[in-house]
Amino acid sequence: MDGNIFEKILGQDCLFVDRRAFDHAFEPTRLPHRGHEVESLVRNLVDALNGHIPSNMLLYGVPGSGKTVVTRFVLGQLLDKGEEMGQSVETYEINCRNVDTKYRVVQTIASKLGRRGDTPIPFTGWPTDRVLEELISRMDRAGGVHIIVLDEIDNLVSRAGDGLLYNLTSLNTSLRNSRCCIIGISNDLNFTQQLDPRVTSRLSQEDLVFHPYGAPEIQDILSERVNTGLREDVIEEGVLELCSALAAQEHGDARRALDLLRISVQKAEQRSQKTVDRRHVRLAQSQLEYDQVTPVLKTLPLHQKLLVLAIKLNEDNGMRNISTGETYRTYSDACMKISVEALTPRRISSLLNELDTLGIIMARNVSKGRGGRSKQVNSAIPKGVDAISIMGESEPLIAEAALGRYNLQSQL
DNA sequence: TGTCCACTGGAAGGGAGGGCTT
DNA sequence: AAGCCCTCCCTTCCAGTGGACA
């Protein structure tokens with residue numbers, strides 16, 4: 001081969017000026033169409049600078065409606081101002097999708113407050129109350145105002161209950177030398193229904209609803225990022241409109257629009273084209289659908305994979321709206337073929353709910369009268385994903401065996 | 001109006017695995 | 001080493017449910 005293999009790509013014209021402008025974690029300096037929300041947060045959090053305790057807040061809105069980015073933006077400015085004024089303000093952002101138990105949330109915050117010489121708090125082992133006590137003493141030691149942001153708080157409550165929120169919202173009664181404020185961010189408007197009324201009244205002293213972006217608003221956000229992230233005149237007419245319209249269909253998700261645009265630009269680059277047109281957006285759309293599902297599938301535990309396989313198998317045989325019972329029969333059949341003990345129907349019912357939450361299947365409860373009550377299950381997996389992709393490349397024989405095309409037992 | 005079906009989903013608890021304390 | 005605490009994954013039990021049907 002002539003020359004270095006990287007040279008060909010390195011020499012290519014790049015359409016991006018700054019790729020980070022399309023990152024989900026990118027923090028823009030302007031937040032179009034979120035002025036009202038920024039102001040509400042600022043009006044409340046300014047108390048932290050005056051030495052008072054800001055009200056606890058709950059921010060609601062569909063995914064990609066700017067809740068997290070607005071909160072980060074405001075807290076960033078708050079920290080700057082606090083430093084300038086010599087007011088001690090600490091902020092903690094916890095994503096409750098990753099940190100989803102009472103112990104871990106408290107442990108994460110307390111560890112962030114740790115200093116050299118402190119006993120490190122283990123990931124597990126201590127009684128939760130002890131970690132909570134440690135948190136209180138470390139907060140008091142640091143002093144000032146502590147603002148705890150619990151992103152995807154609905155996820156925490158559905159997994160771990162509202163015990164933690166009870167503790168956190170009553171921290172101020174135990175703190176002597178510092179003050180604490182909670183900002184909960186939720187995708188689910190009705191999640192407070194799962195809470196004890198006492199927790200609800202303390203937590204949602206102020207509610208802020210982020211309405212989904214409409215297509216024109218998403219278009220403004222995209223234009224902003226195009227100016228920062230791309231070369232001039234790269235985007236052809238109609239591209240931003242299409243990205244915005246597609247994302248607006250998906251409940252006004254601005255992140256989705258940014259992903260679409262970023263991948264569209266990459267598609268144009270891969271083809272050594274100097275501009276991005278609507279065909280690139282269509283290509284990006286189908287890649288996004290594929291990419292959304294396959295990494296999630298790969299990380300699923302074996303029984304969930306088998307469950308997805310069972311649903312897919314039924315669908316390949318022309319079935320739609322498959323009942324829980326039918327899904328279970330196909331699943332346990334597949335388990336038998338690979339000599340794995342099937343889980344109980346109760347467990348499978350829960351796993352179907354989990355797969356529904358992950359967006360891998362669509363399940364809804366229906367009653368067929370005397371035919372009983374059940375779920376109607378359909379897969380949400382794009383057509384191009386086959387059994388091998390579901391089971392993962394490392395387990396092709398298991399996939400073949402589960403489909404009955406290969407005898408695993410003869411190999412055991 | 002009551003019965004019945006095929007489940008759903010809450011509650012309780014077992015057991016494995018991991019870590020800390022005494 | 002024993003005892004304790006925590007999470008995670010799972011089972012078992014069972015009351016509850018929506019709507020067709022007799």
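Excluded from the calculations below are hydrogen atoms, water molecules and symmetry mates; all remaining heavy atoms, backbone and side chain alike, are included. Labels below follow one simple rule: chain letters A, B, ... track the order of the sequence lines, proteins then strands, and each chain is numbered from 1.
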Give the rounded distance in Å between these two atoms: [atom1] of [X] and [atom2] of [N].
X: A:Trp126; N: B:dG18; atom1: CH2; atom2: P; result: 21 Å
X: A:Leu343; N: C:dT11; atom1: CG; atom2: C1'; result: 10 Å
X: A:Asp129; N: C:dC4; atom1: CG; atom2: C1'; result: 14 Å
X: A:Lys368; N: B:dT8; atom1: NZ; atom2: P; result: 11 Å
X: A:Asn365; N: B:dA6; atom1: CG; atom2: C1'; result: 12 Å
X: A:Tyr328; N: B:dC7; atom1: OH; atom2: P; result: 12 Å
X: A:Arg104; N: C:dC8; atom1: CZ; atom2: P; result: 5 Å
X: A:Ile348; N: C:dC10; atom1: CD1; atom2: P; result: 9 Å

When you check the side-chain N and O atoms of A:Ser286 and A:Arg282, is any donor under 3.5 Å from an acceptor?
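Note: A:Ser286 and A:Arg282 side chains miss the donor-acceptor criterion.
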Check every atom of [options] against the side chain of [X] and return the nucleotide holding the closest atom.
X: A:Ser367; options: C:dC10, C:dG18, C:dT12; value: C:dG18
X: A:Tyr103; options: C:dT7, C:dT17, B:dG9; value: C:dT7
X: A:Arg370; options: C:dA22, B:dT8, B:dG19; value: C:dA22

Within the structure, does a side-chain N or O atom of [X] lie under 4.0 Å from either OP1 or OP2 of [N]?
X: A:Thr101; N: C:dT7; value: yes
X: A:Arg373; N: B:dA6; value: no
X: A:Thr324; N: B:dT8; value: yes

Got a salt bridge between A:Arg138 and A:Asp118, using NZ or NE/NH1/NH2 to carboxylate O under 4.0 Å?
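Salt bridge: yes.
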Can A:Glu269 and A:Arg19 be counted as an ion pair, charged N to O under 4.0 angstrom?
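Here A:Glu269 pairs with A:Arg19 in a salt bridge, since their nearest N and O are under 4.0 Å apart.
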What contact category does A:Ser350 fall into here, base, sugar-phosphate, or nothing, at under 4.0 angstrom with non-hydrogen atoms?
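No contact.
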5'-most by nearest nucleotide on DNA chain B - A:Arg130 or A:Ser323
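Nearest nucleotide further toward 5': that of A:Ser323.
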On DNA chain B, nearest-nucleotide positions of A:Gly325 versus A:Arg346: which is more 5'?
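Its nearest nucleotide lies further toward 5', so the answer is A:Gly325.
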Taking atom CG of A:Leu132 and atom OG1 of A:Thr128, what is their separation to the nearest 0.5 Å?
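If we round to the nearest 0.5 Å, A:Leu132:CG and A:Thr128:OG1 are 8.5 Å apart.
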Once rounded to the nearest 0.5 Å, what's the spacing between atom CD of A:Gln249 and atom OG of A:Ser244?
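Between atom CD of A:Gln249 and atom OG of A:Ser244 there are 11.0 Å.
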